S.K.: 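Before we start, here is the structure in question, set down as structure tokens.
All values derive from a computational prediction rather than experimental measurement. Ligands are counted one by one from 1 in listed order, and the atoms in each one are counted from 1 as well.
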Amino acid sequence: MPFLALDGRTTHYALEGAADAPVLLLANSLGTSFPVWDAVMPALTSRFRVLRYDMPGHGLSDAAPLPDEATGYSIAGLAGNALALLDALGIGKAHVCGLSIGGMVAQHLAAHAPARVDRLVLCDTAMRIGPASVWNERIAGIRRDGLPAIAPGVMARWFTDGFRERVPHIVRGYANMVARTTLEGYVGCALAVRDADLTGSAAGIKAPTLVVVGDKDPSTPPAAAEALAAAIPGARLAVIADASHIPCVEQPETLARLLLAHLAG
Ligand SMILES: O=C(O)CCC(=O)CC(=O)O
């Protein structure tokens with residue numbers, strides 16, 4: 001179970017797949033740790049050396065104190081964490097796939113560190129995820145009642161009704177994942193999303209880009225994905241049927257197929 005000290009804080013990561021395969025960096029969504037990608041890993045590691053990690057205050061990674069933008073709680077800071085991880089592992093360039101806030105980190109990397117990004121997949125994300133009032137209300141609720149109180153509402157946005165009815169034990173596991181995230185990590189990353197507007201940098205992304213979205217995603221809906229794909233030169237859009245915000249859990253075969261086809265070039 002590898003751990004690294006980055007900026008004096010422990011970062012939890014895993015690097016899996018053949019040592020000589022091209023590297024694919026996966027960046028998680030808010031309130032998740034890297035097992036969120038487990039169902040797509042067999043397909044991805046058949047072709048790539050896959051690097052997963054936990055954002056500050058998520059999974060087994062240390063939180064940065066709040067408020068502390070300079071040490072990580074901005075999209076630029078979180079992208080800096082990802083670059084520091086690549087540096088520490090001696091990885092010069094990687095394909096990057098980011099989910100939701102992870103997709104914002106991926107957009108930032110592609111726009112500001114283009115030499116480090118090969119191909120890009122932006123999954124259930126947007127240039128802005130808002131409005132700010134929604135984040136302020138969510139953060140106030142968490143500070144008042146704790147993260148377990150928001151977990152049922154989060155599950156209703158992450159997974160379709162059918163999925164929640166079919167596999168309630170899996171949904172319960174993801175609710176536990178959210179509930180056990182540190183308050184600093186969740187609120188810090190929520191502030192980073194609230195304050196991010198990546199509209200200005202999308203046109204500068206040169207990496208070949210695939211934008212993917214679940215057709216029933218209420219958090220970053222298909223219209224936001226369409227706008228993102230339209231803003232990035234040459235980007236393609238794929239809409240996954242019967243999926244909400246976390247298609248790597250809900251429709252892993254479809255997502256893996258799209259990823260492998262895009263990353264093969
Ligand atoms: O998932 C993210 O990284 C940000 C968007 C979000 O919070 C999804 C949700 O729980 O509604």
S.K.: If the cut-off is 4.0 Å to any non-hydrogen atom of Ile101, which atoms of ligand 1 fall inside it?
M.R.: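 That gives atoms 2 (C), 3 (O) of ligand 1.
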S.K.: What part of Leu30, side chain, backbone, both or neither, has a heavy atom within less than 4.0 angstrom of ligand 1?
M.R.: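 Within the 4.0 Å criterion, Leu30 contacts ligand 1 through backbone and side-chain atoms alike.
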S.K.: If you measure from each non-hydrogen atom of Arg138 to ligand 1, which part falls under 4.0 Å: side chain, backbone, both or neither?
M.R.: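 For Arg138, only side-chain atoms sit under 4.0 Å from ligand 1.
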S.K.: Strictly by modelled atom types, are Ser201 and Gln107 linked by a side-chain donor-acceptor pair under 3.5 Å?
M.R.: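 Ser201 vs Gln107: no donor-acceptor pair found between side chains.
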S.K.: How long is the gap from CG on Leu25 to CG on Leu86, to the nearest 0.5 Å?
M.R.: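 That separation rounds to 5.5 Å.
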S.K.: Going by side chain to side chain donor-acceptor pair (under 3.5 Å), name the residues that satisfy it together with His245, two or more places apart in sequence or in a different chain.
M.R.: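 For His245 the side chain to side chain donor-acceptor pair (under 3.5 Å) partners, ignoring immediate neighbours, are Ser100, Asp217, Thr220.
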S.K.: Taking 4.0 angstrom as the limit and counting only heavy atoms of Val154, give me the atoms of ligand 1 inside it, by number and element.
M.R.: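 Under 4.0 Å from Val154, ligand 1 has these atoms: 10 (O).
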S.K.: Tell me whether the count of non-hydrogen atoms from other residues, nucleotides or ligands lying under 6.0 Å of CZ in Arg180 goes above 12.
M.R.: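 No, CZ of Arg180 has 12 or fewer neighbouring heavy atoms, counting only those of other groups under 6.0 Å.
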S.K.: Mind listing the closest non-hydrogen atom pair of Met104 and Ile75 along with its distance?
M.R.: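 Minimum heavy-atom contact is O-CG2, 3.6 Å.
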S.K.: Purely on distance, is any nitrogen or oxygen of Ser100 under 3.5 Å from one on ligand 1?
M.R.: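 By distance alone, the answer is yes.
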S.K.: State whether a side-chain donor-acceptor pair under 3.5 Å links Trp135 with Asp195.
M.R.: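 No, because no side-chain N or O of Trp135 sits under 3.5 Å from a partner of the opposite role on Asp195.
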S.K.: Can you tell me which residue and heavy atom of the protein come closest to atom 11 (O) of ligand 1, and the distance to 0.1 Å?
M.R.: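 Going atom by atom, the protein heavy atom closest to atom 11 (O) of ligand 1 ends up being Arg157 NE, 2.4 Å.
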S.K.: So is Val193 close enough to ligand 1, meaning a heavy atom under 4.0 angstrom away?
M.R.: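 Under 4.0 Å: no for Val193.
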S.K.: Using the side chain to side chain contact (heavy atoms under 4.5 Å, CB included) definition, which of the options His95, Met41, Glu16 pairs with Phe48?
M.R.: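 Only match with Phe48 under side chain to side chain contact (heavy atoms under 4.5 Å, CB included): His95.
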S.K.: Checking the N or O distance criterion of under 3.5 Å, is ligand 1 in contact with Ser29?
M.R.: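 No - when backbone and side-chain N and O of Ser29 are compared with those of ligand 1, no distance drops under 3.5 Å.
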S.K.: Which of the atoms in ligand 1, numbered in the order shown and given with their element, are less than 4.0 Å from a heavy-atom of Ser219?
M.R.: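 Heavy-atom distances to Ser219 below 4.0 Å select 8 (C), 9 (C), 11 (O).
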